[in-house]
Amino acid sequence: MANEKNLIRLSPREAREYGRKGGKASGKARRRKADFRKTLNMLLTAEIDNEEWKPILEALGVECTLESALLMAQIKEALAGNTKAATFVAKYSGQSPEPEENRRNREADTELKKARKQAVTGENETDEALDKLDSILKEMRDNAVKQQTE
């Protein structure tokens with residue numbers, strides 16, 4: 001358990017040094033992740049020479065890249081009944097919109113933040129924001145009750 005007796009107090013110099021080390025490590029990790037993404041994108045856009053996929057991709061008029069083959073493999077799996085592959089295809093093709101509840105939750109959070117900010121700054125739009133927040137929350141509660149009764 002942390003308490004006042006076992007806490008180590010750092011001098012400003014030590015804190016600065018640890019902060020510097022952390023910043024360097026963070027930069028190194030960011031560069032490593034950026035290099036990973038760059039390499040992955042380079043590999044995905046590399047041309048393939050696979051006898052199974054190349055004729056199919058050429059017939060469809062798409063580039064013969066690993067990326068195209070990967071997407072085609074997902075579609076093939078989805079057609080074979082793999083629901084995870086079907087979800088992947090739907091999600092990344094834009095056919096599967098985000099659940100309405102997630103969007104409403106985000107809107108409610110945004111409105112709440114606006115209302116809090118306005119309450120702190122004293123702007124008079126607070127009532128309007130709170131009313132909108134109340135209506136969103138009421139709608140969400142009504143939908144939750146409706147789903148429970150179904």
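Just so it is clear, the structure is predicted and the values come from calculations on it, not from any experiment. Quick note: numbers below take in every heavy atom, side chains included, and nothing from hydrogens, waters or symmetry partners.
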Legend entry - Shared hydrophobic cluster for Ile75 and Val62 (ILVMFWY, side-chain gaps under 4.5 Å): no
Inset, instruction - Please answer: with hydrophobic residues joined when any side-chain heavy atoms are less than 4.5 Å apart, are Leu66 and Leu60 in the same cluster? - result: yes
Inset, instruction - Find out if a path of hydrophobic residues (ILVMFWY) with successive side-chain heavy-atom gaps under 4.5 Å connects Leu71 to Leu43. - result: no
Inset, instruction - Over all heavy atoms of both residues, which pair between Ala85 and Ala78 is shortest? Give the atoms and the distance, please. - result: CB-N, 3.7 Å
Legend entry - Side chain proximity check, Arg20 to Arg16, heavy atoms < 4.5 angstrom: yes
Legend entry - Reported CD-to-CG distance for the pair Glu139 and Asp142, which is rounded to 0.5 angstrom: 8.0 Å
Legend entry - Straight-line distance of Glu77 CD to Phe88 CZ, nearest 0.5 Å: 12.0 Å
Inset, instruction - Please report the C-alpha distance between Ser26 and Arg30 in whole Å, then the side-chain angles of each, then the deciding distance to 0.1 Å, and finally whether the side-chain hydrogen bond (donor to acceptor under 3.5 Å, both in side chains) criterion is met. - result: CA-CA 6 Å; Ser26 173; Arg30 278 197 318 271; 3.0 Å; yes
Legend entry - From CG (Leu40) to CD (Glu67), nearest 0.5 Å: 9.0 Å
Legend entry - Side chain to side chain, Glu17 and Arg13, heavy atoms closer than 4.5 Å: no
Inset, instruction - Establish whether Met72 and Ile48 are linked, either directly or via other cluster members, by ILVMFWY side-chain heavy-atom contacts under 4.5 Å. - result: yes
Inset, instruction - Determine yes or no for a side-chain-to-main-chain donor-acceptor pair under 3.5 angstrom, with Thr110 supplying the side chain and Arg106 the backbone. - result: yes
Legend entry - Ser68 versus Glu63, closest heavy-atom pair with distance: OG-O, 2.9 Å
Legend entry - Shared hydrophobic cluster for Leu79 and Val89 (ILVMFWY, side-chain gaps under 4.5 Å): yes
Legend entry - Heavy-atom neighbours of Glu14 CD exceed 12 at 6.0 Å: yes
